Amino acid sequence: MRSVLRISLVLFFLSPILIWLVVIKNWSPPGFEWIIPLGRTFLQAGLSALTSVVLGILMAMGALSLRSPKSEKFLEFWLLIPNLIPQLFLILAVLNLSLFVPFFRSGLPAVVITHSLLNCGLIALALLRLFGSKLSGFLDLAVVEGASRRMIWFEVIVPSLKSELWFLFLFVFSVCLTSFSIPLVLGGPSATNFEILIYETLRLNADWSRALYYAVIQIVVLSIFVYLIPKPQWAWTGSISRWQVLGLKRFVPLAIAPSALLLAGWLIGVISSFKHFVPEDLFFDPFTAALNTMIVALGVGFLTLWLCLWISYVWPNPRLAWFMKSYLTPSNAITGFALLLLPGQYFEWPLVKMIVALTLVSFPLLFRWLGQSALESLEEQITVARTLGASWSQILFEIIWPERAPVFFRMAALSSLWASGDFALSSIMAEGHRTWALWIESLINSYRLDLASLLTIPLFALGLICYAFFIGAARYVSR
Amino acid sequence: MKGRGRLIVFLFGGVALLVAILFARSLIRLKNTTYEQVTGKRMRILAYSSFMGSTGPGLQLVEDFKKQCQCSVEVSNAGDAGLLVERLLLSRKDQFDLVIGLDQFALADAEKKVHWRKINLDDVAFAPEVKSHVSANFVPYDWAPMTFIYRKDEIEPPKALGDLLSEDYRSKIAIQDPRSSTPGFEFFQWVMAVKKQNAAEFFEALKPNIQSISPSWSFSYGLFKKGLSKLVFSYVTSLVYHWEVESDHRYQAAEFIDGHPYQVEFAGIPESCTECELAQHFLKNMMSVSGQKLIASKNFMFPAVAAVEVSSTYSQLPKLKLIETPVDKDLSVWAKVFRK
């Protein structure tokens with residue numbers, strides 16, 4: 001039973017590729033044209049990941065010196081802000097900043113810095129949780145014994161977290177590997193990346209088979225990386241407020257800066273939009289758009305929870321662990337069109353497809369970031385429970401879920417937050433006014449950037465409602 | 001209730017609630033499709049996303065048509081206009097009765113890969129600029145010349161393609177990537193048509209003046225609107241939005257002595273259509289005076305039918321010299337220069 005469920009789980013994630021395997025009749029293997037774009041994408045993703053990790057460590061140092069539990073909660077939200085802003089506005093924010101900081105302007109540094117601003121908060125957040133889950137004993141002892149802050153950082157924290165840092169590097173690396181607009185717009189005239197090679201192959205050559213080959217190449221290369229890095233052992237639990245002594249107050253501004261910079265850049269855009277905004281009589285049903293956005297975002301959150309439940313039941317398994325660590329969902333166009341090929345074009349079906357597609361794209365990344373380590377850290381307990389005769393469903397409901405429900409609910413919250421703002425994937429499956437984000441996109445497509453900019457505020461609020469819903473639900477379920 | 005019970009209630013309850021909402025809305029929609037219940041007719045249109053978007057003409061055209069035909073109309077989205085033909089090819093053979101939004105670059109592919117039904121629109125007097133594009137199988141429904149848009153208080157406009165290489169435009173030009181954007185492709189083919197064998201050198205020399213190459217027109221226009229670039233490759237009809245809606249006459253179009261490329265959008269009826277007469281009727285509506293006015297004003301493009309006056313702003317736009325550009329999809333020159 002468990003092996004059938006495991007296989008079906010893998011098949012679910014591979015479904016975009018499998019659909020294309022059925023549809024494509026003529027196969028044209030690629031030559032070597034992908035090597036240069038792949039090399040460049042790797043360089044960009046590697047540098048972005050490295051900078052994000054370094055910046056994340058410094059931000060964690062600053063964040064540790066914040067004392068109250070309230071500020072801890074606020075910090076978590078604050079560090080995630082860059083992920084809430086739609087990508088066009090994020091790029092506009094960065095470009096607004098480039099007027100003051102020339103480094104942001106163009107080329108590889110601009111791409112790397114933007115990716116770092118986007119991801120360093122996630123890294124800092126993960127590190128803060130790691131202190132609670134993996135290092136709490138060491139840190140308590142070191143603090144009690146009176147070890148210096150420097151000694152604790154360089155002789156305890158960094159060496160103990162080597163494999164986790166590699167893992168976080170890999171997480172950002174895989175996010176940046178599939179980044180589409182940022183490298184293109186900010187990368188300068190010669191910028192190219194693997195995603196645009198895939199898009200070019202589809203749009204100009206209509207060669208789905210070759211695009212699929214490229215997507216598989218991406219997955220294979222990432223798998224090799226996963227194989228090479230050490231295996232981390234950690235979980236997303238614990239509080240940070242015990243170790244303020246390890247924090248460095250001078251880094252507090254750094255912990256706040258990335259979100260503040262992007263938020264400021266975005267708000268500058270919104271304020272200038274207020275000035276230029278011209279009221280017009282446009283077709284718009286805000287209630288339906290908001291409802292659809294909530295349906296999609298909550299649907300993605302629930303599907304994420306169900307997948308967590310599914311994976312938890314079939315865990316542990318080394319092959320599944322390897323698959324989940326190395327699998328990268330093919331590009332938006334491949335995934336979106338694969339689902340478009342399935343029956344159901346009208347009524348509410350596009351919303352259902354959006355839920356599935358957005359989950360397919362966000363789940364592997366979130367699982368790699370949060371879920372996998374949370375499950376791996378319970379493997380010993382699971383083995384003991386099995387030895388004592390516990391059934392798999394007992395393990396699921398009495399060990400895994402009680403201990404890891406907050407992690408899974410946080411994954412659901414994040415996936416629903418991202419889903420609420422998506423228009424790249426959604427626009428393949430639904431017409432341009434179904435969700436709030438699609439409506440914003442259609443306004444941008446018709447010159448109304450100012451109105452679109454203003455409408456990002458309610459979108460932001462909708463995303464936060466969905467996020468808060470799952471975080472609140474986690475409390476209800478684990479009470 | 002214990003944690004396990006609460007979890008199960010939450011997971012099942014949440015999904016059940018979402019399914020119930022979706023189901024209820026489907027029922028309401030079904031109930032509202034009274035026309036189909038009366039006549040049993042259902043026309044299916046394939047269009048790109050912004051045509052059917054909240055600011056596009058599609059929704060209004062469909063609503064008006066429903067009242068006339070007493071039928072239901074379903075619209076499918078192809079996302080990007082550049083993927084319309086692919087979307088059509090990947091669909092079930094009889095899935096669509098009408099395809100809207102093909103451009104001249106997609107036309108050759110569309111003609112080659114799909115069988116199309118002959119369209120009878122003899123009574124339509126097409127604008128001279130699109131007359132040469134009318135064929136038995138495809139109807140042009142709007143068009144617009146392409147050029148660089150600028151704000152007159154910011155820079156002196158270029159007058160020829162060669163002027164774009166001037167140091168005055170260092171890091172000021174926003175263009176689109178031809179690999180992912182039709183306007184980007186127009187720009188590429190424009191340079192190819194004018195510069196011919198010197199196109200690669202031109203692109204190489206243009207590099208320092210490029211502020212950004214965006215994946216889409218909307219992206220690059222957003223950068224321009226926010227003042228981050230000073231020149232953007234766009235439609236001359238973009239001025240209508242600024243002049244008419246924003247009352248901002250700083251926005252102007254550069255006139256090039258080399259001539260300008262232009263984009264034409266087409267509609268066609270696949271041979272496999274099942275409601276072919278309805279599709280033909282819908283096309284007639286699109287080409288009627290009211291349909292053309294609606295399309296032109298919502299899409300900010302010129303009408304394809306002669307003597308249709310959309311608004312006085314359209315007649316104030318500069319009359320640009322047009323040139324024909326190649327429609328083949330060979331981007332090797334671009335790759336040579338920009339993938340170095």
Side-chain angles (χ1 to χ4, degrees), chain A residues 23 36 88 92 95-96 180-181 184-185 189-192 196 199-200 202-204 206 269 276 278 280 282-284 295 298-299 302 305-306 309 336-337 340-341 345-348 351-352 397 401-402 405 427-433 439 442-449 473 476-479, chain B residues 3-4 6-7 10-11 14-15 18 21-22 25-26 29-30 49-50 52-56 59-60 74-77 79-80 82-83 85-87 90-91 109 171 177 179-180 207 210-215 217-219 221-223 225-226 228 238 241-242 245-246 298 300 329 331 338-340:
Chain A
V23 171
I36 292 175
L88 171 62
L92 282 172
L95 288 167
N96 278 335
F180 181 69
S181 305
L184 208 61
V185 178
S190 293
T192 189
I196 203 139
Y199 206 74
E200 175 187 359
L202 296 179
R203 208 173 185 278
L204 297 178
H276 298 115
V278 186
E280 274 181 275
L282 295 172
F283 166 84
F284 181 48
I295 289 173
L298 294 177
F302 276 111
L305 281 176
W306 276 99
L309 195 72
F337 268 82
L340 209 57
L341 291 174
Q345 309 288 333
Y346 310 109
F347 299 114
E348 306 309 314
L351 292 183
V352 176
F397 288 112
W401 270 82
S427 65
I428 296 174
M429 277 162 288
E431 68 275 27
H433 58 282
W439 196 60
S442 90
L443 287 173
I444 294 169
N445 282 333
S446 61
Y447 302 95
R448 293 156 178 100
L449 190 67
Y476 162 75
V477 169
S478 39
R479 197 161 57 206
Chain B
R4 181 177 176 166
R6 276 201 292 265
L7 175 70
F10 180 77
L11 285 178
V15 174
L18 286 179
I21 292 172
L22 289 174
R25 286 181 39 173
S26 291
R29 279 201 189 206
L30 264 175
S49 65
S50 51
M52 291 309 299
S54 53
T55 54
L59 289 169
Q60 188 65 51
E74 284 167 355
V75 185
S76 271
N77 183 31
D80 180 349
L83 291 170
V85 178
E86 283 311 299
R87 174 78 179 83
L90 292 167
S91 309
D109 259 356
S171 290
D177 196 308
R179 295 170 296 170
S180 56
K207 269 185 184 178
I210 295 175
Q211 181 265 342
S212 58
I213 301 176
S214 299
W217 168 86
S218 57
F219 232 116
Y221 211 83
L223 298 179
K225 265 201 93 178
K226 289 289 173 187
L228 294 156
S238 300
Y241 176 78
H242 300 296
V245 182
E246 295 185 326
K298 293 271 186 183
F300 295 105
K329 291 181 172 177
L331 280 176
F338 289 97
R339 270 195 206 157
K340 258 189 215 165

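Everything numeric in this text was worked out from a predicted model, so none of it was measured. Order of the sequence lines fixes the chain letters, A, B, ..., with proteins taken first and strands second; residue numbering starts at 1 for each chain. Keep in mind that the numbers below use all heavy atoms, side chains included, and drop hydrogens, waters and symmetry copies.
For the options S214(B), P215(B), S212(B), G56(B), heavy-atom pairs under 4.5 Å to chain A are most numerous at P215(B). Looking only at heavy-atom pairs under 4.5 Å with chain A, the residue among I21(B), L331(B), L22(B) that has the most is L22(B).
Scored by the ring pair (Phe, Tyr, Trp, His ring centres under 6.0 Å) test, F10(B) finds F302(A), F409(A), F469(A) as partners (sequence neighbours excluded). Evaluation of the side chain to side chain donor-acceptor pair (under 3.5 Å) rule for S446(A) yields R448(A), T55(B) as partners, not counting sequence neighbours.
Looking at W401(A) and L309(A), their side chains come closer than 4.5 Å, going by heavy atoms from C-beta outward. Using a 4.5 Å heavy-atom threshold, the side chains of F338(B) and I213(B) count as touching.
Of the atoms belonging to I295(A), heavy atoms from both backbone and side chain fall under 4.5 Å from chain B. With a 4.5 Å cut-off on non-hydrogen atoms, S171(B) does not touch chain A at all. Heavy-atom distances place both the backbone and the side chain of L11(B) under 4.5 Å from chain A.
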Requested in this report: Would you please test V245(B) and Y447(A) for side-chain contact (heavy atoms from CB on, under 4.5 Å) and show each step?
Outcome: CA-CA 10 Å; V245(B) 182; Y447(A) 302 95; over 6 Å; no

